[in-house]
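Some notes on the structure that comes next.
Quantities reported herein were computed from a predicted structural model and do not represent experimental measurements. Throughout, a chain's letter reflects where its sequence line sits, starting with A, and its residues are numbered from 1.
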Amino acid sequence: MSLTRRGAFAALGGGLLAAALPRTLSAQSAPPLRITITEGVMAPMPFAVAAFLPETAAAAEPAERIARVVAADLSGTGLFREIDPAAHRGLVTGFEAPVEHARWRALGVQALVTGAAAVTGGRVSVKFRLWDVLTGQEVGQGLQFSGGAEAWRRMAHKVADAVYARITGEGGYFDSRVVFVAESGLKNARRKRLALMDYDGASLSYLTDASALVLSPRFSPQGDRILYVSYERGFPRVVVMDLATGSRRAVAEQPGTMTFAPRFAPDGNTILFALEQGGNSEVVSFDLRSGTRTRLTEHPAIDTAPAFAPDGATVVFESDRSGTQQLYVTAAGGGEPRRISFGEGRYATPVWSPRGDLVAFTKQHQGRFHIGVMRADGSAERLLTASFLEEGPSWAPNGRVIMFTRETAGEGGAPGLFTVDITGRNLRQVPTETFASDASWGPLLA
Amino acid sequence: MAIFPKALLLVAALGLAACNNPDRYADGDTGGGAGFDGGWGTGSDGIDSAPLGDVNNPTSPAFFQARVGDRVFFLVDQSVLSAEARDTLVLQARWLNENPAYGIVIEGHADERGTREYNLSLGARRASAVQEFLITQGVAPARLRTVSYGKERPVEVCSDDPCWTKNRRAVTVLTRPASS
């Protein structure tokens, strides 16, 4: 059965196209296939990705790779458990052939992804359908993506994002990138480079060499620019890099001062950073277009690590004005800060969830470091992790997963990137070929 | 996906520049001036580098580092100068005033037991405390600059108090003579 493309193709960034496929069943009730993330998932949902069928001779290998990435994305959430593909090889014979739900049920599968891929004239297309094999119904509509041959991995992530979104009701986060600091060398002679990778560690590229120390890169909410701290001129200063052109410029330079801890506003036009002058650090906002600088704090204490709320109206930052590092919120235009952290220990590096509901932070208490979350008013604090040293949480685009830096102790101290979900489950290390730190999770790609 | 050819070009240019410019020599964490060619230069971090000279020559940077003492230490989270630190800085100021040709960068550092960004601010506080003290001892403010490395440049690598104590420091680094 050949596929009829119906409905409008939507042009996506990166040369990817998506199209809805006609539904194979006429009616569909409310999907019983459902995971509610905030309740915490004790038993992951068993799922299978049937071998994606090659529809052209050249598609055999891409079809296999795409299916494997889809399965890895879903398994990696901790919400799903994959049924071994060896148990169901050959069970799907054609993309539009009837699904043998009873046989999938017998394998213990609840959610089934079927798919096919084609390679035509250097372009790859992939299509999939999601099935609830308990009810024997399709969940949502089949979708097709097409793009350049090099985009196969992104297309796989888009398939997995769609499956994840349909089952959880949340936005996906697999088709996204992370900017971070790749580290190499001994602990007392570390070399650091800015690097870019897919959320799962694939497609690594470097944005700087190791000639100058670089710290704390931050993705713009639009994914087009990176803010970071560079010691290229001998003193730390905030630099903005345009990813499409590679052009870089220092922002808000003022001789005799240092700037660090940058962060974009949600609209990408304003940034926050810490400005050091005469030993004192204050939080400053800076309009990248007009060059207008606004001081948000005025206090002899250390004020740093600012971050905007997703509505752009409020800023959270850390200050040791009480004697130890604590979290404060203030209006984006400045004003009297209000302290929100009152638990034991020290609180640092606050970052607002893109959903606006939570603030993630680093906590230091009794010689241990933690990543935690609290409501924006400071209530309902929960610690998600604990180790010798961890810091720098960054939110996944859907606000359900946090990536952070964890470093082991001692001479061999090795920083790496980890993810954990907001219930504290599914702690995983992100594979990187070097030591890695200071992750900033970019937006979901269009 | 997208490659960034212009970024790569920039990176390549920086790499070349770095080859011609040995890192600064003074902090003991960059190979002690290995590769230094005996002349003044600008380091890859943009900081000047300088010949060490003979440790027995009382006007040499080597003498300043080894005999005067180029660094002072701090308590956890503190930027207050101890009595011992002030004694060292009095000697530093005396030497700096007798050798007015050198520029001075004061590096502030923190141990690893803190978040990166807080430690940058803490290092800045420490460097500033040293700067202010040297100024009270007559060192010309125009000769002084501060830089914070936070926890990025430890000299000791163990994860225990003896190492952390040595990493919580401010180092007075001599740079190119102001007159040259």
Determine, stepwise, if the pair A/S322 / A/Y328 fulfils side-chain contact (heavy atoms from CB on, under 4.5 Å).
-> CA-CA 11 Å; A/S322 73; A/Y328 294 79; 3.7 Å; yes
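Contacts of B/S148 with chain A are made by both backbone and side-chain atoms, with heavy-atom separations under 4.5 Å. Both the backbone and the side chain of A/E411 come within contact range of chain B, each with at least one heavy atom under 4.5 Å from a heavy atom of that chain. Within the 4.5 angstrom heavy-atom criterion, atoms from both the backbone and the side chain of A/F388 approach chain B. If you measure heavy-atom distances from A/A409 to chain B, the contacts under 4.5 Å come from both the backbone and the side chain. Using a 4.5 Å cut-off between heavy atoms, B/R126 makes no contact with chain A at all. Heavy atoms of A/T257 lying under 4.5 Å from chain B belong exclusively to its backbone. Neither the backbone nor the side chain of B/D160 comes within contact range of chain A; no heavy atom of the residue lies under 4.5 Å from a heavy atom of that chain. Residue B/E156 does not touch chain A at all, counting heavy-atom pairs closer than 4.5 Å. With a 4.5 angstrom heavy-atom cutoff, B/E152 touches chain A only via side-chain atoms.
Side-chain atoms of B/E112 and B/S159 include a donor-acceptor pair closer than 3.5 Å. A/Q326 and A/T324 share a donor-acceptor pair across their side chains, judged by distance under 3.5 Å alone. Side-chain atoms of A/D320 and B/Y118 include a donor-acceptor pair closer than 3.5 Å.
The environment of CD in B/E84 is sparse: at most 12 heavy-atom neighbours from other residues, nucleotides or ligands sit within 6.0 Å.
Salt-bridge check for A/E407 with B/R116: failed, with every basic side-chain N at 4.0 Å or more from each acidic carboxylate O.
Comparing B/V157, B/L120, B/L122, B/T146 by how many heavy-atom pairs each has under 4.5 Å with chain A, the most go to B/V157. Comparing A/E276, A/E318, A/R153, A/M258 by heavy-atom pairs within less than 4.5 Å of chain B, the highest count is held by A/M258. In terms of non-hydrogen atom pairs under 4.5 Å with chain B, the most contact-rich of A/L215, A/T362, A/T405 is A/L215. Options A/N280, A/T304, A/V229, A/D303 differ in how many heavy-atom pairs under 4.5 Å they form with chain B, and the most are formed by A/T304.
Side chain of A/K158 to main chain of A/D175: no donor-acceptor pair is present (N/O by atom type, distance under 3.5 Å, no hydrogens or angles). Using a distance-only test at 3.5 Å, with no hydrogens or angles considered, a donor-acceptor pair links the side chain of A/S341 to the main chain of A/L327.
Between B/H109 and B/Y149, the ring planes are parallel. Angles under 30° get that label, and only those over 60° would be called perpendicular.
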